[in-house]
Structure formats: structure tokens, C-alpha cells
Amino acid sequence: MLTDAMEIVWQRPSSLTPALTHYCPGCGHGIINRLVGEVIDELGIRETTIGVASVGCSVFAYNYFDCDFAEAAHGRAPAMATGIKRVRPDRTVFTYQGDGDLASIGTAEIVHAAARGENITVIFVNNAVYGMTGGQMAPTSLPGMKTTSSPFGRDVHRAGFPIRMSEMLATLDGTSYIVRRSTHDPGNVNKTKKAIKTAFQTQINGLGFSLVEILSACPVNWNLTAEEALHYVEEKLVPYYPLGDLKVAETVKNMSVR
Amino acid sequence: MLTDAMEIVWQRPSSLTPALTHYCPGCGHGIINRLVGEVIDELGIRETTIGVASVGCSVFAYNYFDCDFAEAAHGRAPAMATGIKRVRPDRTVFTYQGDGDLASIGTAEIVHAAARGENITVIFVNNAVYGMTGGQMAPTSLPGMKTTSSPFGRDVHRAGFPIRMSEMLATLDGTSYIVRRSTHDPGNVNKTKKAIKTAFQTQINGLGFSLVEILSACPVNWNLTAEEALHYVEEKLVPYYPLGDLKVAETVKNMSVR
Amino acid sequence: MRGTIVIDEYRCKGCELCTTVCPKDLIHMADRFTARGYHPAVLTDPGVACTGCLLCSTICPDAAITVYREAGAKRAAAVVAPQ
Amino acid sequence: MRGTIVIDEYRCKGCELCTTVCPKDLIHMADRFTARGYHPAVLTDPGVACTGCLLCSTICPDAAITVYREAGAKRAAAVVAPQ
Amino acid sequence: MTKELWKGNEAVAEAAVRAGLHAYFGYPITPQTELLEYLAKRMVELDRVFLQAESELAAINMVYGAGSTGARAMTSSSSPGVSLMQEGISYIVASGVPCVLVDMMRGGPGLGNIAPSQADYFQLVKGGGHGDYHPLVLAPASVQEAVDLTYEAFDLAMKYRSVVIIAADGAIGQMMEPVELPPMRDIEPKDQGWELGGAIGRDRRIITSIGLEPAELEQINLTVQARQALMQAAEVRYVERWTDDADLVVVAFGTAARVAQSAVREMRERGLKVGLFRPISLWPFPTEQLAQIAKKVKRFLVVEMNAGQMVEDVRLAVGSEPSVAFFGKMGGLVPMPEEILERIEALELVPVGS
Amino acid sequence: MTKELWKGNEAVAEAAVRAGLHAYFGYPITPQTELLEYLAKRMVELDRVFLQAESELAAINMVYGAGSTGARAMTSSSSPGVSLMQEGISYIVASGVPCVLVDMMRGGPGLGNIAPSQADYFQLVKGGGHGDYHPLVLAPASVQEAVDLTYEAFDLAMKYRSVVIIAADGAIGQMMEPVELPPMRDIEPKDQGWELGGAIGRDRRIITSIGLEPAELEQINLTVQARQALMQAAEVRYVERWTDDADLVVVAFGTAARVAQSAVREMRERGLKVGLFRPISLWPFPTEQLAQIAKKVKRFLVVEMNAGQMVEDVRLAVGSEPSVAFFGKMGGLVPMPEEILERIEALELVPVGS
Amino acid sequence: MHEEIIISGFGGQGVLFAGQLLAYAGVADGLHVTWIPSYGPEMRGGTAHCQVVISSEEIGSPLTAHPTSVIILNMPSMEKYEPLVKPGGLLILDSSLITERTSRQDIHQIALPAKEIAASLGLAQSANVVMVGALAAATGIVRIETLEQVLKKKLGERHAGTLEANKLALRYGVASVKEAAAV
Amino acid sequence: MHEEIIISGFGGQGVLFAGQLLAYAGVADGLHVTWIPSYGPEMRGGTAHCQVVISSEEIGSPLTAHPTSVIILNMPSMEKYEPLVKPGGLLILDSSLITERTSRQDIHQIALPAKEIAASLGLAQSANVVMVGALAAATGIVRIETLEQVLKKKLGERHAGTLEANKLALRYGVASVKEAAAV
Ligand SMILES: Cc1ncc(C[n+]2csc(CCOP(=O)(O)OP(=O)(O)O)c2C)c(N)n1
Ligand SMILES: Cc1ncc(C[n+]2csc(CCOP(=O)(O)OP(=O)(O)O)c2C)c(N)n1
Ligand code: SF4
Ligand code: SF4
Ligand code: SF4
Ligand code: SF4
Ligand code: SF4
Ligand code: SF4
Ligand SMILES: [Mg+2]
Ligand SMILES: [Mg+2]
């Protein structure tokens, strides 16, 4: 019961536009879009941030963030962000990429942006499928996982093993902050937000390449309810993609945070 | 002094054609071509082997090996080899790739062939430059290394850090045998040969993806004599790219070798 | 601590996630459809049990929930969400 | 153990690597040019010191060196190169 | 045989299977994805090769490899994905490797949208990759025709050692129509004298596209040109309707042609002498046939789902004398019969007998 | 001002620097590499952005990003590398981002060779990527002209928010010629109303190529077409020589044109009325100008270093009445003046006064 | 005989299935048929629709700007397609979901409470089948018996249990047209 | 004035440099000039060559199939280019490296021991300069003084020590032509 004595303790971040998203009910992108918006709010960098959307369900991210945005070709967001950041090192540049985009077609671009230590932030949304095109197998789909392009379940002998991108990228000297988080319950959502904030701060402090991999639900393509989908994240994805800090450079550990 | 009492203990492998190579004097490709030829000889698989050359100084490898060969587009040898091997699983398929080819433009293809555990063998010749195009910086060029595209020495702040591909690929579940060897003296040459043999045997036994990274001299583009170039490999490359076994699957350790 | 929430029905997509996290079980789905064809979530809090704990707003994928608390509860503390 | 080598001048590119590894220092570069414009390596072994140790052939990038040993030296052992 | 309702994407996939498709490599992209999804099931059931590649770039190079062994290999995609294949296509043509590519075109340029389009005519027909080459490009106007052309495409690819492209669009991929499927063929792999497979009891073989010496590369080009000349001589395909006595001929391919046909039929019903010419082979283009028609017909209307691309080839074919009008829709818009009618009306034909 | 000897690749690089090049992204490929190498030094000295990308694919997308900020951005490559850029070019045009691409064409298709070629005319001019678009394509015939066109290219790119392609070849990239370089310009970045840079005190801006609704995408296409119409109206460039009284006009661009010019000059010396028409802008093509000439001239000979590509545009321009002969060399072969002379002779012109 | 039909509603209302029922029936009745869905991200959230053309002639365009019949299952679709129906054409709407009615005098309108009818048969999801019955009866483009056979085939073994109820739904649709005609 | 020159030898014999000397001199003398090297992997091992065109007229093709002059520094180049020289043209060869001579009656031949001459000046690498001197003298296409200025500029400070010796090498080349002419 709303009374005069009450004040707002949480509301929609002002870095998000009022636009309604096209995401399905229960989609993790909704949560993650919001978290990025909150972090941009808290850091007060809306006006100096340039986002780069990828091709995937988040392709319209530029409609949802109230900052300058570019929409990259499928997989090439890190290259496009590199082009932007090199010319505008004074701006905060982030990419927002799905797992098909980043871990499949865009493998070369993310590996090299990381190796170069490009001073950008990558929000990597891993929902273990190609959401936008209708739930095909992604490089991140779990062994045995049934998708529209692995109708008998992912057969690792034919289709290979899922790629743990964060572990792989963490081997590169150029990287400064690489962590994996999840969104399957409010506590993890909050941890994710903190990581996103650290990643942006890494960039703002000029410390180099930062990436937050976020496990995220795609209820529609998993054929689950939103609630079941969060359980799936917790029970299936997290064991295969352990949460934690894959790489935190000393410089990042020691950085002064606002 | 050749006498009647003498017999040949070493001669040019018969899996190599009589063609003269176009490699520069002292080029590591010459040694490595020969080692592959020796291994093919020893395993008796010349007739059942299909090679895939990459774009780089080894682009004409198909002229030097007396077996079926394809010449791939720059960076795409692992994809082309995948196409061949999937259709002809009964054949031994190997790629022969330079570091520019494999670690730069072909990053996505090598990562995914490895992640899929493609049952092919990759001979990865790391000479820390783009040899064929005249010595530009490669992803593997050392920090501070002067090349034709890093005239002031590789500046890691602009151009990023060298990539240790083998370490990176070894993080992938799909890989079975990933090792790094060198060619800077006869002892190391012999170790390299042994690794190449193990890699081919890994494939022959159906054990999945094998890759031998080989540190190799490019005297011409390093502006060194052939002898100095071997010292450079030993003194500069080996410390940055430590020799050793990055990944040897249990199945490979236990395989019966001919 | 006393709180409440306001659900923006225009944004709510009826995913039901908020209903699964409310420790007081105060949110339920309405039978009716919104203009966009979803059953919206509604707060049913006759006992004024909502603490403004932020769990529902934290999980909501559509930023559809605004959370209020009685003044006096320290603001700063509120903005930093619970771990 | 006695051995010798035969250098195929047609293949030799004069890189000099063989000269740097021969433990007996038996290989040197000729002054003349080959048809392809290189100074070829030549064996100079007046003392019959070559052991057929395979070091030169192992490092030669052009597979230009054939190595011989006196029969009796076990063949199999010879083919497996030294570590 | 009774016809069954099939979705275009799935029917094309099944036609390829029946034509002996040995290996498929692809990457999801709307409006082509059901083709890949269908094969994900079907090829595995048949124990043939299905592989979802990491990208279109990888897919075309996998096809390059599989095709190098003489196997019937295919990939499919839609416009942006096909742009990523241009280097690979150029390599494949240069080295004479047969393969089939299905392009379910969508709206461009850029990310564009997923609606049907014909805006990649130039890319497919003129050679979007580097160097001199033209793939064999076949444009179906119905699901049945897509099936028939796909079925035949593999033989054509083998015969001419060429890339054969099925140039369809989102409408044909997504549409269901009654279809009669061709019989399942067993493709016996036989030695064709060029394919890789291991040098057992024969000289080694090489698949390459290099000719370092210009004279060498000229030879490679002459071989490519010679194959193209054979295709030009034997593979021109088109459909003519009501052109015999026509005052005006509408020229259109694929989906645009079926829409145009509705309009043309209506015109005929109104007693106006309008004909339809539908190129099926976009390359080789039916230049001669159109030139013949142009001897009698002095007005043409080209209808395309783009800003005007095939119209250049039509103009080249009919010469400068006839008038050639163009009507196009961009951005994934499909023209409606009414719109085409309007354009024809604007050309003011005189009804028969008046 | 005295001329200095410059190698084409380096001269083009320096011209770009002087035109205010802010960011360069590229990947080595012969015969273009010296351009990249030159900038590796020069840009770093000037504290501007030089980055060797991991591939041409990455390079064009980096250019896309840099160009999105309104900066003068460029990449360069040669044929196979340009094939890899086709998707990116399509995106860039669709979203109206200005940039410059230098293509030092080499022999294709496939890996081909590194010799000079013009076999990518179709790719560059017709749009090798998906969707309806034409970049502005400028073809220099000398190092000086390459410098001048590159210098201007950046302004043109900005003006039309288009991709501008310098379509040269290995000969122009590798050759040294005396050159007068243009002055160094200081490019003050000024707000152009569309570029990204942070939404400080203004509404956010978006660079995108999506139009999910066909009507939306049609709008994007109409914008692209409108920009193209402006270019067609204002940017047609060509050189005519001895065409006034010509019985035969040789049409050629770039390196082929300078070879042709030797042959034409010799013909004139022999008293034969031969002229030369050299398109500089390949797109927009000088269609009108050729059409004018075709009113008087009834014989054309098109010379290209390919199997015959621009010849289609020439035919479209001159109509079906004049005869249009073609002489081409493939595989990286450059025609020799003697060969062109022979072809002209074969056309049996009558000397002046006879 | 030539019908250009658009069926439109929210995703999940069985719009595509309804179109396929008609398409399969058309094939079985020996007619020319095309069916084309809305596809891709459009499906998320928004409306789904499909277009079916059934004709005794070869079919030109599978797409239509001015349908001869529409089946409308939600409000946004009503707004979008009502104005587009060809003069003389037919608009069928589910009156349990849509309160509005057309004011056009040049088209026929059938409003029937399909969702309620289906619910009364214990089939929450079969409003679409009711509507198909109505369309078939009103246009005569396919035979009702054929539709029943198609229903049987499409429901298959997995949903065989609902076959009879679905047939009833179909017949309700048919009947409601006859009633309307009788009025 | 119009010369189409090919200079050809092994990589490392200064073939490209020799061509540039002529090209720079041509520019300094106010002539039209093009210089184009062989490039790319061809350079590895095999022969290197460059083509220089110097002319009082605007230059068409920078490439020539039939050069008016060639400088030949090794045997393979002799085999390749000797037959191509234009009738009336000039062939200059380094007789210290090449034993063969042309049998063509329609071209001029100058054989001079350039390598030996250079070696005698303590310049192992300057046979190319000797040859350039000979070509300039024989064709008159550029002035010897201009070549000396170019030499100075090109050798720069790093090689300034060898300037005088190189000038001598050039003059030797010039002189050898005059000798030949005197014979
Ligand atoms: C070159 C190219 N290939 C394919 C596509 C089709 N496509 C669009 S989104 C997508 C995958 C998206 O998956 P992901 O990155 O995981 O994002 P999600 O939708 O799951 O968030 C694909 C393959 C495309 N647009 N461009
Ligand atoms: C698409 C494309 N881009 C660039 C090139 C030019 N190119 C040829 S080889 C090469 C690099 C080779 O380097 P590496 O792989 O390290 O082999 P190396 O020559 O050092 O053995 C490049 C960039 C090409 N052929 N194709
Ligand atoms: S398909 Fe999956 S990822 Fe895409 S919007 Fe729907 S739930 Fe989200
Ligand atoms: S350039 Fe380097 S890698 Fe290439 S052949 Fe010469 S030495 Fe070998
Ligand atoms: S704020 Fe907490 S208590 Fe209140 S409704 Fe939300 S989850 Fe329930
Ligand atoms: S979580 Fe948000 S969108 Fe989902 S039901 Fe609750 S309020 Fe609605
Ligand atoms: S075999 Fe051994 S001893 Fe004999 S020459 Fe070679 S390196 Fe020297
Ligand atoms: S190592 Fe081989 S190529 Fe090198 S000098 Fe010795 S014999 Fe010749
Ligand atoms: Mg995903
Ligand atoms: Mg290398």
C-alpha cells in the first residue's frame, strides 16, 4: 500500500529509454539490459558511453539504451568497438553480444580484441542457443542438449564440445578482467551487476580489456517456463560454466573505484 | 669418403617430390616439410594422406609432397580439412599452416576445428612474422620486435600482446594432442619429428584433434643469417613460447603406436 | 521495514518470475489480458507485508516494478541491493 | 664409426647451417656459385673423420645431404636419429 | 503421384538429399534456417554428413573441402551470409570444384530484414567475389521448381565443375506449396579423374587456385571461361507465356515473376496483348531468346524486387531500340499484382480489336 | 613545385595522411602491402590511429566503427581481401557511414597471383555485397592521379556518406612515378549531425542498417538511392582524347587505359582517327558522355585487364547500333601496346586523307 | 474459385495451424494452394499471421495486400486487416476476444464467440478450428469433410484423443455461418 | 627520347637500386619516368628485375614486352631477355658473370666486366652502378652529372664514404662505352 511516507528505493534506470523491449517473457536479456543501464546510471556515464549491439535477440539494444549506439555485423562487434574506441579513447565503449555472435562467427574478433587488450568492455550473454534465429545449437550448447539444429541432442562426436570462452580468453595476456556470472536468482543478478560495474570501471581507468560472461535464460527456445528456465541455468549451465573470476589483473584489483 | 662398405643411413624422404622448394636459404619450412615427409614415410601413409596447404610461404607445399593436396584460402585450412575429413574419415588429413594464417585471419576456424575435436592433424609453423608478404607483424611477433609493419618494434599498448595459440587451444575440451616444439638445433628437430609422428598417430587411431606448433626460423624477414636465426629462435622465441606438451589426452598417452 | 511495489502493467509480460522470488508470496498473476496479450502480475498485499526487499524488481526482466519503502529506512542502503 | 655424406649441390642453398652443427667441422662453403646462384656446402674430410652422425642432414632445410655409414653399424639404430 | 504440401526450405533440403547430397555445411540465418534444421535431422538419420559450421565463411570452405573429394556438397544461407562466402566461391570456381549453394535472399543492404528480396542479383550473377567468373545461377519461381532445380543442380555442378547457385528468396523458402518430390538416388562415387582421395596407385592430385605466373593464371582463367561457354551453350533456361503476339512483354524472375504472371493473366483477360518472359537461368542469361522477342516486341517492362539489376541484362539483350521500363520494390517488399497492373496500364496498350 | 618519385602504394598512403586520415585499419596482402607498411610508420609518428587488423573482415568492421564517429577512416587491400569485406561494405553503405577503401587489384579468381588485374570491376562497381547499392568507385591511371583521387575521396565519402573505393591495381601500387603531393590538411572534427560520440546535451544517435519492417527498409534504400542519385549527378569523371573526329574510340580505365593511350597515340601518328575515352569514375559510369560520342562514332574497342566486364556498361551506354569490340587479358597479364595496335588494325580503319 | 485468406492473432492462438488446415484441405480437394507464415523475430510478442491462397487456377502471388477473407483473433489484427479486406470479401472475428465490429458496408462480417465455443468443448486452444469451419462454410473454398480428414491427420496419434471434440468445434463453426445466413 | 629499360639479375645484385638511379635521374632531367619492380614471392631465390621507362613524352605502359635496353646481371636473365630486346636496341651484360654473348645482329651489345671493375674499386656491390653508367652513356637518356647527384642523394650519409668510389664506378661504365665506340 503506497503511502505518502514512502519513497522510491528502486525504479527503472534512467539510462534505459521508455521503449518496450521485444524480448520474450522471462528473457535474460531483459535483466541484463537493465543491469547495464543501472551501472551506466551509477557511474554517471550515459552521455559519454557508446554501445555496440550485436546480431542476436539483443540486436535492438540500441532502442533500449539512452546513449549513442551502433549496430554491428554478426560477430564483428569487437572490431567495430575497436574502431570507435581507437578514435574516441575518451569515451566508454561496450559491446553487447550473444554467445552465437561472440563464440561462433565472431571468434576471431573477440580473441584479437582481447589479445590486443583493447580498452573496451564486453557484455557476453550466454544462453547456450541461437535465440533470435529460433533456438539452434550454439558453440555453448550443452552436450546432449536438444536444439532445433541438434534434434537428437548435441552429439559431441559430431558437433564437438561446448566452448568455455571466458576460460579460453583468460589465457591471453591482453585481458584484464574476465569473469562469469549468472542471472538465475536475485543474489546472482546483484553479483552480475557488480561485475558489470567493475568491468566498466576497468575501462574507465584505462586498464584494458574487460568481459563479463553472463549465463542467461532463453525460456522460449529451451521450451521451458521462465521459472523452469532459471532452474535450468542453475542446474545445467552453472555446473558446465562455473561462476567465478577467470582473470582479474593486479591493476584491476588495485584500482580505485568510485 | 664414400666406400663400397657404406650404406645409406639417411636420405631424402620418398614422400617428398623431387621439386626444388622456393623457400629462402635456412628457412624452417624446409626442415618441417622434410619432417612431415619422413613421418609419412615411416607410417607408410603416403597414399592415404591428403594435405591442405595454407596461404603463406608454404603455399606451394602441394608441390613438395607426393600425396594428394588441396590449397586452402588464407586462414581457412582447418575448415577445408574438416570438409575433406568428414567425407573421407578413412584418410589421414593434415593442414600445414603459418602463424599469420592460423593465429590471425584463421582464428575462428582453428578454434572451432579444435573445439569440435575434428580428427585432423595441424602442423602449425610459428615464425613470428608474416613471411610471404614480407615480414609484417604477426599475432605471434614478440613484444618490441621490429617488423615491416611495426617499424618501431611491437608496441604492446597499440598492437597488443602475442598470442600463445597452443595454450589457448589446449583449454578446449575437443583437443587431444597439443604440443610445442622447435627446430633450432638437431636435437629439437628430432623431438619435433617425434611429435609430428604422435600427432599423425593420434589421428590414425581416431583420437581427435592434434596440433604441433613448431618454432621456425625466417632469416630473411628477421634480417639475420640462417645461423643467427636459429639462435634467435632459441634465445628469443623459446622463452616466450615454452616448449612442451600443452595437452596430451589420456587416450593419446595410452595409444598403441606402430 | 514497510514497503510496497507498483507494477507497470504496460511493461509486464507475465513471465511470473516475480511471483517465484517474493519471500512473502505477495505477487500473483491476474486472469485478464493486458493490451499486449499478457496476464499481468499484481501485488496482493492485504496484510501490508511487503518489506520493499527488492527481490521482485531484481529478477524482473522488464524493469516493470518500482519499489517503495517508508522513509527513514536509509536510502543509500536501499539503493545498494542485497547480496 | 665411419661415415660420410654426399651433398646434392642442385638442392643446396648455401645456408651454412650444416657447417654450424658438424661436430668435426668437416663442412665448408665453396667460393663458386651453383647454377641457382648459391655458394654450395662441401664436405672436406681428408682425415676420414665423419661419423655419419646425421647432425648435418637433420638441420639441412633442403634435404640436400645423404648420409652413409659403414655397414655393420646397426641400421635400425641409425635411422632413429639421436635425441 | 500425389502432391504433398512442403515448405520451400524443407522441400529443397529433401530434394538435395534425394539428389545424393553427401555433405551439408551451414549456418543459421532467417529465412533459410529450416533448410539447415531439416538436414540436421535427415542427414544424421541417413548417416551422412551434417555439420553446423561456425560461420558462413567456414561453411563455404568446408564445402570447398568436401567438394574437393568429389562428394556432392552443399551449403545454404541468405544474403549477408552469402556476402561472407564471396572469397570462398571465387576459390571454388577457380579450382573447378563442384558444389551447390542455396541463397534464400532477404532484404538488404546491411542487416536489412528477413523479408523476401531479389537484391543480390548482381552479387550472384556478375560474381560478387574477385576475379572473372560466373557461377551457374538458377532462379525458381515455385517450391516445385526449387525442388526440381536443386535436384538437378548437383549433376550440373559435377558436369561443369562449377558452383551452382539456387537463387530463391524468403517467400519461396517460407512458403508451403504442393510438391511432387523426385525419387531417391543412390550416388555411386566414381573416380572422375580430378578429385582428392589419396594417391593410391595413381599420381597425386592437387586442388588449387594459384597461377603465380600470369601465363599460368591465364590458363586457369581460360579453363573457367571454357566451362562457362559450355554452360552458355547448354544451360539457358526460361519460360515464355503469351509472347507470340505480345505488344508488351513483362520480364521477371522468381517470386516477382509469379506476381507478374497474375497481372499479365489479368491483362490478357482484359484483351490486352501482354506476355511474360521468365528467365530461370540468371546466368547464363537468356540473351538470345530475348533478342529474338525484341525483333517483334517494342515494349518491355522489367519487374524486380530490387532497385533494378536484371534490367541491365534485359537491356543488353533487347538492344537500344525497344523501350524498357522498370518497376521495382526494395527493402523486402513484394510487389502486388495490382501495382504491376498499374504500371502496365501506364504504358497504354491498345486492347485487341480496338 | 618539383615532383618527387613515389611508389604508388606509399604515395596513396601519404595522400590519405594529408587528407586528414584519422584512423587506418588494414591487413597485409601483396601488391598493396607497402601502403600498410608506410602508414605503420607515418601514422604512429603523427600519433594517429594505425592498427593491423586480424583480417580484412575485421579491418572493414573497424573502419565501420571509426567511420561511425565521423572520423576519416580507411582500409586497403587487394582482391581476395576485398571479397572478405563485402558484407561489411554492404553494412557501411546501408548505414551511411563514410569511409575510403583502396583496392590494388591482382589476378584472380581464387588465390590467383599478385600481378596487376582489373577483374574486380563487377565486384566493386555493381556491388559485390548483398543488397542494392553502389559505392563511388574511382579508377586512377597514374600514381599522380591515385594521389589526387585519394586526397579527394575523403571529402566525397563525407559529402555523400558513402564508401569511396579507389580501384587501382598492382601496377599502380608498385610503380614509381614523379608525383606532386597535395598540402597537409588539418581536419577539424566538426559535428555533422549524425556521427556517434556520446549523447552530451543532445539526443542519442544510432548507426544501424536494420529495417525490420519492409517499409522501413524501403526508406533506408530510398536514402541510399538518393545519395547515389546525387553522385550520379555530380561525380561522373572521365578523360577524352582525340575523340572529336574519331572513327574509332578505345574505351579503357586505369592501367589498361595508359597502355591503350600509347597505342592510340601511335595510331594518330599513323594518321588514323582513333580516340580514347577513359572513365575515371567507374561508378557513376560516364554513360551520358559515351552516349554523346556514340552519336558520331560507330566503332568502339574496349580494353580491359579481365574477361570483359566494363564492356557491358559501355554497351549499355552506346546502345546497340555501334559495334563494340573487346580485347582483354586475364590472369594478371597487362596488355602490351602492340597487342592493342593489332586489334585496332584488325578493325580496318582508313587513314586520314585516303 | 479463388480465395486469398489472411489469418491473424497473437502467437500461440494457432494461427499458422489454422492456415495449414485450409491449405492441406485445398490440396486434398485438388486445388492450387500456397501458405506463407510471418516468420522470424516478428513472432516474438507481436502478432503472428499467415496468408493462404486457394485457387482453381495456378497461383501468382502467395502474398496479398487485399485478402478476400480474413480470420481475426485479436484486436491489433482487427485494426490492421479490417480496412484491407477486398470489397465483397469476408471478415470473421472471434467475438469472445474482440469487441469492435466493422463499419464497412462493402464486406461481409461474421462475429462468433469461437474461444467460448472451444472452451465449452473442453478445448481451450481450438478457437482457430471453429473459425476455420466458419470460413470454409462461408466461402465454400474447401469441403468440410476434407477438413475433418486433415484434422485427423494433423492431430495424429499424439492428439487423437481430441479429434472428436475438434471435429465438433469445426462443425460449430460451420453451423454458426448457416445460422447467420438463416437470420 | 624514349627508353624502355629492363634490369635483371639475382636478388642482392642491386637490380632495383640500379633502376631507381636511372628513374631519379630521369626526373631530375625533367623527363617522364616510370619504375616498376618485380615483387612478391617471385623475389625469393629467383631472379629480380625492374622495368624503367624514361621518355620525353607522357608514358603509356610502364611495362614493356620488348625493351629498348636491357642490363643483364646473370645467366637466367640473359636467356630470358636477350631474345626480347627490340631490334636496334641495346644489351649490356656483365662479362665477369656471363660467358655467353648474343648472336643477334640487329641489336647492340656491350659486354663489360662490371663486377671486376667494382671489385677493383673495393665495392663488391657496385657492379650495378658500372652498368648504369654504361647504359646512360650508350643511350644518352639521362645525364651523367645528374646520375652523380642522384648517387650522392641515394647513398646518403650512411654510405657517404663510398660516394667517390661509386662515382668512379659510374665513370668506368661511361668510359667503357666510349672505348667500345672508339674501337
Ligand atoms: C552473417 C550472418 N549470419 C547469420 C545471421 C543470422 N543470425 C541472426 S542472430 C543469430 C544468432 C544469434 O544468437 P546469439 O548470438 O546467441 O544471440 P541470442 O539471440 O541467443 O541472444 C544468427 C545466426 C546474420 N544475421 N548474419
Ligand atoms: C584474404 C587474404 N588476405 C591476405 C593475403 C596475403 N597473405 C598471403 S600469405 C600471408 C601471411 C602469411 O604468414 P604466415 O601464415 O605466418 O606464413 P609464413 O609465410 O610466415 O610461413 C598473407 C597475409 C591473402 N593471400 N589472402
Ligand atoms: S528467443 Fe530467447 S533470448 Fe531471444 S528474446 Fe526470446 S527468450 Fe530472449
Ligand atoms: S620469407 Fe621466411 S618463412 Fe618465407 S621462405 Fe623465406 S625464410 Fe622461409
Ligand atoms: S519488494 Fe520483496 S516483499 Fe515486496 S513484493 Fe517485491 S519481493 Fe515481495
Ligand atoms: S517479473 Fe516483471 S514482467 Fe515478469 S510477471 Fe513480474 S512484473 Fe511482470
Ligand atoms: S654426418 Fe656428422 S660428422 Fe659427418 S659431416 Fe655430417 S655432421 Fe659432420
Ligand atoms: S644445410 Fe643444406 S642447404 Fe644449407 S648449406 Fe648445408 S647442405 Fe646446403
Ligand atoms: Mg544466444
Ligand atoms: Mg609466419
Side-chain angles (χ1 to χ4, degrees), chain B residues 14-17 19 22 40 44-55 59-93 95 105-116 118 120 132, chain E residues 21-25 27 43 48-75 84-92 94-95 97 99 129-130 189 194-212:
Chain B
S14 66
S15 294
L16 296 185
T17 67
H22 67 293
I40 292 176
I45 54 172
R46 187 191 64 79
E47 292 186 325
T48 52
T49 294
I50 305 175
V52 181
S54 66
V55 183
V59 69
F60 291 118
Y62 58 73
N63 283 333
Y64 310 143
F65 289 98
D66 191 20
C67 60
D68 277 11
F69 237 92
E71 206 297 306
H74 192 27
R76 319 303 170 197
M80 195 172 189
T82 296
I84 295 172
K85 183 74 183 186
R86 291 277 173 142
V87 172
R88 295 304 304 258
D90 55 330
R91 294 299 187 249
T92 304
V93 179
T95 69
I105 194 168
T107 308
E109 288 73 20
I110 195 66
V111 164
H112 284 272
R116 284 193 304 268
E118 239 17 277
I120 60 173
M132 171 166 246
Chain E
L21 177 65
H22 188 149
Y24 173 88
F25 307 90
Y27 189 78
M43 294 293 274
R48 302 189 190 172
V49 178
F50 168 87
L51 186 60
Q52 184 177 317
E54 58 270 29
S55 68
E56 294 87 351
L57 201 45
I60 192 73
N61 284 287
M62 289 172 181
V63 164
Y64 189 11
S68 294
T69 70
R72 296 185 168 222
M74 174 168 107
T75 185
L84 290 172
M85 296 185 183
Q86 293 304 323
E87 189 204 25
I89 294 172
S90 174
Y91 270 73
I92 294 175
S95 45
V97 168
C99 72
H130 61 286
W194 56 262
E195 76 277 20
L196 306 181
I200 303 184
R202 60 159 172 79
D203 284 349
R204 80 204 154 90
R205 293 179 185 155
I206 292 163
I207 294 287
T208 181
S209 63
I210 312 178
L212 197 58

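Below, chain A is the first sequence line, B the second, and so on; all start at residue 1. Keep in mind that this is a model prediction, so the values were computed, not measured.
- E:Gln52 contributes atom CD, which lies 10.5 Å from atom NE2 of B:His112 (distance to the nearest 0.5 angstrom).
- With hydrogens and angles ignored, the 3.5 Å screen pairs a side-chain donor or acceptor of E:Arg204 with a backbone N or O of B:Tyr62.
- Taking chain E as the reference chain and counting heavy-atom pairs below 4.5 Å, the highest number among B:Val52, B:Ile84, B:Val111, B:Val93 is found for B:Ile84.
- Highest contact tally toward chain B, considering only E:Arg48, E:Arg205, E:Arg202, is held by E:Arg205 [criterion: heavy-atom pairs under 4.5 Å].
- Ranked by non-hydrogen atom pairs under 4.5 Å with chain E, the options B:Thr82, B:Thr48, B:Asp66 are led by B:Asp66.
- Only the side chain of B:Thr17 has a heavy atom closer than 4.5 Å to any heavy atom of chain E.
- Across all their heavy atoms, E:Tyr64 and B:Glu71 have their closest contact at OH-O, 3.6 Å.
- The shortest non-hydrogen separation linking E:Glu87 to B:Arg76 is OE1-NE, 4.2 Å.
- With a 4.5 angstrom heavy-atom cutoff, B:Ala81 does not touch chain E via any of its atoms.
- More than 12 heavy atoms of other shown residues, nucleotides or ligands fall within 6.0 angstrom of atom CG in B:Asp90.
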* Report the C-alpha distance between B:His22 and E:Leu212 in whole Å, list the side-chain angles of each, state the deciding distance to 0.1 Å, and finish with yes or no for side-chain contact (heavy atoms from CB on, under 4.5 Å). => CA-CA 12 Å; B:His22 67 293; E:Leu212 197 58; over 6 Å; no
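- Contacts between E:Val49 and chain B at a heavy-atom distance below 4.5 Å involve the side chain alone, from C-beta outward.
- Taking E:Thr69, E:Leu196, E:Ile60 one by one and counting their heavy-atom pairs under 4.5 Å with chain B, the maximum is reached by E:Leu196.
- In terms of non-hydrogen atom pairs under 4.5 Å with chain B, the most contact-rich of E:Gly201, E:Ser90, E:Gly197 is E:Gly197.
- For the set B:Arg46, B:His74, B:Arg88, B:Arg116, the entry with the most heavy-atom pairs within less than 4.5 Å of chain E is B:Arg116.
- The CD1 atom of E:Ile206 sits 9.5 Å away from the SG atom of B:Cys67 when rounded to the nearest 0.5 Å.
- Closest approach of B:Asp68 to E:Gly198, counting heavy atoms only: OD2-N, 2.9 Å.
- Looking only at distances, no side-chain donor or acceptor of E:Asn61 sits under 3.5 Å from a matching main-chain atom of B:Met80.
- Ranked by heavy-atom pairs under 4.5 Å with chain E, the first of B:Ile50, B:Val55, B:Thr49 is B:Ile50.
- Scanning all heavy atoms of the two residues, the minimum distance from B:Ala79 to E:Ala58 falls at CB-O, 3.7 Å.
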